[in-house]
Amino acid sequence: EAQVTQNPRYLITVTGKKLTVTCSQNMNHEYMSWYRQDPGLGLRQIYYSMNVEVTDKGDVPEGYKVSRKEKRNFPLILESPSPNQTSLYFCASSPPPRGGNQPQHFGDGTRLSIL
Amino acid sequence: AQKITQTQPGMFVQEKEAVTLDCTYDTSDQSYGLFWYKQPSSGEMIFLIYQGSYDEQNATEGRYSLNFQKARKSANLVISASQLGDSAMYFCVFSGYSTLTFGKGTMLLVSP
């Protein structure tokens, strides 16, 4: 089954404790991206990757890191989480957008609470 | 940067009626795509419909249609014959060369 898998689904942690949210897709997609969803703000793109070893900042990259060492994996790293990073996070994958017609395949989301 | 505007934070509609959710965008790109996604209370993102900037005909998918007016830079979603299961958050999404921009969403509530 084609899917994007995020782990963990829920996490409560404390300020400053490094954490990683994993994202894996089995569709051989070149493009992967991370979003955060906050009430009233919709989804905002954090980072995206057009292919292996190619990553770029989205609209809200501050406080986050990513890596793309393999095509299928695109982890999101919070080196020193802060309470303003409490949010619902989505990973997504697709063929390269290029204004094209490929919809994003979304993971089920990860709800992070930073105390 | 691209900009997507959904001016309706919330909409109410009665079952079986049609409803239009508004979306306008701002871009200087020539080639782009517009998507609509549905997010029910369970949280997953569900793809509904797509319109390409070069498509001459409005997209349709079952009860969903996209009223695309390129000159006005609008891409409104029309849901015909609303159902109770249509109650959800709806997002309009602009797809450029390498990035995607989401609108803030419209919460649709369908009443019996």
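Naming convention: chains lettered A, B, ... in sequence-line order (proteins, then strands); numbering from 1 in each chain. Just so it is clear, the structure is predicted and the values come from calculations on it, not from any experiment.
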With a 4.5 angstrom heavy-atom cut-off, is it the side chain or the backbone of B:Tyr54 that approaches chain A, or both, or neither?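 It is neither, since no heavy atom gets under 4.5 Å.
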
Measure B:Gln39 against the heavy atoms of chain A and call it side chain, backbone, both or neither at under 4.5 Å. side chain

A side-chain contact here means heavy atoms from C-beta on lying under 4.5 Å apart; do B:Val93 and A:Gln104 qualify? no

Side-chain touch A:Pro103/B:Tyr50, heavy atoms, less than 4.5 angstrom: no

Using the rule that two of Ile, Leu, Val, Met, Phe, Trp, Tyr join whenever any of their side-chain heavy atoms come within less than 4.5 Å, decide whether [X] and [Y] are in one cluster.
X: A:Phe90; Y: A:Leu76; answer: no
X: A:Tyr89; Y: A:Leu115; answer: no
X: A:Leu112; Y: A:Val4; answer: no
X: A:Leu41; Y: B:Phe91; answer: no
X: B:Tyr37; Y: A:Leu88; answer: yes

Kindly check if the number of other-residue, nucleotide or ligand heavy atoms within 6.0 Å of CZ (A:Arg111) is above 12?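 Count not over threshold, so no.
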
With a 6.0 Å cut-off (strictly less than), is the heavy-atom count around NZ of A:Lys65, excluding the residue itself, greater than 12? no

Run the ring-centre check on B:Phe47 versus A:Phe106 and record whether the distance is less than 6.0 Å. no

Quick one: do A:Leu43 and B:Met45 satisfy side chain to side chain contact (heavy atoms under 4.5 Å, CB included)? Show the steps, please. CA-CA 11 Å; A:Leu43 277 76; B:Met45 297 293 289; 4.2 Å; yes

Please report the shortest heavy-atom distance between A:Gly40 and B:Lys104, naming the atom on each side. O-CD, 3.2 Å

Identify the heavy atoms of B:Thr99 and A:Tyr48 that sit nearest to each other, and give their distance. CG2-CE2, 3.4 Å

Rounded distance [0.5 Å steps], CD in A:Gln102 versus CZ in B:Phe35: 7.5 Å

Which of the residues B:Ile46, B:Ile4, B:Leu100 is involved in the greatest number of heavy-atom pairs with chain A at under 4.5 angstrom? B:Leu100

Checking an interface table here. Which of residues 10-39 of chain A come within a heavy-atom distance under 4.5 Å of chain B? A:Tyr31, A:Tyr35, A:Gln37

